[in-house]
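Below is one structure, written out as structure tokens; comments come after it.
Note that the coordinates shown come from a computational prediction; the quantities given were computed from them, not determined experimentally.
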Amino acid sequence: MFESSNKFSVFNRNILITGGSRGIGESISKGFLQNGANVTILDKKNPSKQNKSNFIKCDLADHANIKNSINNYIKHSSPHVLINCVAITLPNKSERYTKVDWERTLSINLSGIFYICQEVGNHMIQKKISGSIINLTSIGAEQGFENNPAYGASKAGLKQLSKSLAAEWGKFNIRVNNLVPGYTNTPMNKKSWNNLKLRNQRSANTMLNRWAAVEEMVGPAIFLASDASSYITGSDLIVDGGWLSKGMK
């Protein structure tokens, strides 16, 4: 069924996905399963019954919980690929933004991902695994968007974190890249998706005149996880329907 000699193959690779129970993370986890990978989800929420991935419950805002969860995982498996899809968004105007929402957003979207990368990276280094780490950022890491300062700051920070890790860990044959989604129809974006005027405005900002479906993030993730991208590290793979490249109408 699977061709393991194919450069795009992820057959029998161990894939650890944070935030894999919902949205883009869920779609990516199912996509890797369908391509013969061994998938484990790290998330606070249980995956749906249709998702047959392995599951470890983890609060990704809790450093100690992250460490324990990774230790439990590596007792039974060594990750070849880490994909960080976990993120929260707590919109509000900057002049009204609360300390609680700021710190919670950064604790999950940036600090939590750093601790995950650190734990998994150390294991890859010790076991001499030529690994791939894929962090999901956002077009919000590239452009200014209103009414969500913590989200934009956390994603921009994550973008540069990936490049720093790539620079440090290249000597260990660990590649670190960013997958950069544009507006995608996910539970996180449900409010703006359901607002037809807003949905159409955002569609018009792309070259394809539409939002992404979650399934459209699977192929780019498989590419970055596979040997087909073996000379790519410290890069941003933008999957935004042309949003960032579009000029004036």
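A donor-acceptor contact under 3.5 angstrom links the side chains of Asn38 and Asn14, judged on distance only. Side-chain N/O atoms of Ser21 and Asn46 include no donor and acceptor closer than 3.5 Å. One side chain, Thr18 or Asn84, offers a donor N or O that lies under 3.5 Å from an acceptor on the other. Under 3.5 Å, the side chains of Ser192 and Arg202 contain a donor-acceptor pair of N or O atoms. The closest side-chain donor-acceptor pair between Thr137 and Asn178, if any, does not fall under 3.5 angstrom.
Separation of atoms CG (Asp240) and CG (Leu208) is listed at 9.0 Å; rounding is to 0.5 Å. Rounding to the nearest 0.5 angstrom, the gap separating the NE2 atom in His123 from the CG atom in Leu82 is 12.0 Å. Note that the CG atom of Leu60 and the CG atom of Asn65 stand 8.0 Å from one another [nearest 0.5 Å]. Between the OG atom in Ser154 and the CG atom in Leu106 there is a gap of 5.5 Å [rounded to 0.5 Å]. Here the straight-line distance linking atom CD of Glu119 with atom CG of Asn68 works out to 9.0 Å at 0.5 Å rounding. Interatomic distance, Met217 CE to Ile222 CD1, rounded to the nearest 0.5 Å: 13.5 Å.
In this structure, Ser69 and Asn71 have side chains that are not in contact, with every pair of non-hydrogen atoms separated by 4.5 Å or more. Looking at heavy atoms from C-beta onward, Phe8 lies out of side-chain contact with Asp227 at the 4.5 angstrom threshold. Contact of the Pro79 side chain with the Ile15 side chain is not registered, since no non-hydrogen atoms from C-beta on lie closer than 4.5 Å. Taking 4.5 Å as the limit, every side-chain heavy atom of Ser107 sits out of range of all side-chain heavy atoms of Thr105. A 4.5 Å side-chain heavy-atom check between Asn135 and Leu179 finds every atom pair outside the cut-off. Contact of the Gln201 side chain with the Asn205 side chain is not registered, since no non-hydrogen atoms from C-beta on lie closer than 4.5 Å.
The cluster map of Ile, Leu, Val, Met, Phe, Trp and Tyr, joined by side-chain heavy atoms under 4.5 Å apart, puts Ile24 and Val180 in different clusters. Taken together through direct or relayed side-chain contacts under 4.5 Å among Ile, Leu, Val, Met, Phe, Trp and Tyr, Met124 and Phe32 form parts of separate hydrophobic clusters. In the hydrophobic cluster analysis, where Ile, Leu, Val, Met, Phe, Trp and Tyr join through side-chain heavy atoms closer than 4.5 angstrom, Leu165 is grouped apart from Ile83. Linking ILVMFWY residues whenever their side-chain heavy atoms come closer than 4.5 Å, directly or via other members, places Phe172 and Leu16 in the same cluster. Under the 4.5 Å side-chain contact rule for hydrophobic residues, Leu158 and Leu237 do not share a cluster.
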### Message
Let's go through Phe223 and Ile232 carefully: what are the C-alpha distance in whole Å and the side-chain angles of both, what is the deciding distance for side-chain contact (heavy atoms from CB on, under 4.5 Å) to 0.1 Å, and is it a yes or a no?
### Response
CA-CA 10 Å; Phe223 170 66; Ile232 298 176; 3.5 Å; yes

### Task
Evaluate the side-chain contact (heavy atoms from CB on, under 4.5 Å) criterion for residues Ile113 and Cys117: first the C-alpha distance (whole Å), next the side-chain angles of each, then the deciding distance (0.1 Å), finally the verdict.
CA-CA 6 Å; Ile113 291 178; Cys117 289; 4.1 Å; yes

### Message
Would Ile134 and Ser132 count as a side-chain contact (heavy atoms from CB on, under 4.5 Å) here? Give the steps.
### Response
CA-CA 7 Å; Ile134 304 165; Ser132 173; 3.9 Å; yes

### Task
Please test Thr89 against Asn148 for side-chain hydrogen bond (donor to acceptor under 3.5 Å, both in side chains), starting from the C-alpha separation and ending with a verdict.
CA-CA 8 Å; Thr89 181; Asn148 210 334; 2.6 Å; yes

### Message
Please evaluate residues Ile17 and Ile28 with respect to the criterion side-chain contact (heavy atoms from CB on, under 4.5 Å), reporting the C-alpha separation (whole Å), side-chain torsions for both, the decisive distance (0.1 Å), and the verdict.
### Response
CA-CA 8 Å; Ile17 303 177; Ile28 287 175; 3.9 Å; yes

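In this structure, the side chain of Asn51 does not engage the main chain of Pro47 through any donor-acceptor pair within 3.5 Å. Judged purely by atom type and a 3.5 angstrom limit, Ser229 uses its side chain to pair as donor or acceptor with the backbone of Ser226. Remark: side-chain polar atoms of Arg104 are not paired, donor with acceptor, to backbone N or O of Lys99 under 3.5 angstrom. Side-chain atoms of Arg175 come within 3.5 Å of backbone N or O of Leu224 as a donor-acceptor pair. Under a 3.5 Å cut-off, the side chain of Ser9 and the backbone N or O of Phe11 do form a donor-acceptor pair. The main-chain N or O of Gln50 is never found under 3.5 Å from a side-chain atom of Lys30 such that the two would form a donor-acceptor pair. At least one donor-acceptor pair under 3.5 Å links the side chain of Lys246 to the backbone N or O of Thr206. With hydrogens and angles disregarded, no donor-acceptor distance shorter than 3.5 Å links the side chain of Asn189 to the backbone of Trp193. Listed for the Ser27 side chain is no donor-acceptor partner under 3.5 Å among the backbone atoms of Gly23. Using modelled atom types, one side-chain atom of Lys171 and one backbone atom of Glu168 make a donor-acceptor pair closer than 3.5 Å.
Asp236 has a carboxylate O that lies under 4.0 Å from a charged side-chain N of Lys163, or vice versa, which qualifies the two as a salt bridge. Under a 4.0 Å N-O distance rule, the pair Arg96/Asp101 does not qualify as a salt bridge. Under a 4.0 Å N-O distance rule, the pair Lys45/Glu26 does not qualify as a salt bridge. Between Lys159 and Glu142 there is a salt bridge, with a side-chain nitrogen of the basic residue lying less than 4.0 Å from a carboxylate oxygen of the acidic one.
Closest approach of Trp211 and Glu216 over heavy atoms only: O-OE1, 4.4 Å. Between Ala61 and Ile108, the shortest heavy-atom distance links the atoms CB-CG1, 3.6 Å. Nearest heavy atom pair, residue Gly20 against residue Ile41, reads O-CD1, 3.2 Å. In this structure, Ser78 and Ile129 approach most closely via the heavy-atom pair CB-CD1, 3.7 Å. Counting all heavy atoms, side chain and backbone alike, Asn92 lies closest to Pro149 at O-CD, 3.5 Å. Minimum heavy-atom separation, Leu42 to Cys58: CG-CB, 3.8 Å.
Using cut-offs of 30° and 60° on the angle between ring planes, the pair Trp102 and Tyr97 is perpendicular.
Pairs of residues two or more places apart, or lying in two chains, that qualify as ring pair (Phe, Tyr, Trp, His ring centres under 6.0 Å) and include a residue from residues 43-69 are His63-Tyr115. Note on residues 68-92: no pairs pass ring pair (Phe, Tyr, Trp, His ring centres under 6.0 Å), not counting sequence neighbours.
Summarising the local packing, NZ of Lys191 is surrounded by 12 or fewer heavy atoms from other residues, nucleotides or ligands at distances under 6.0 Å.
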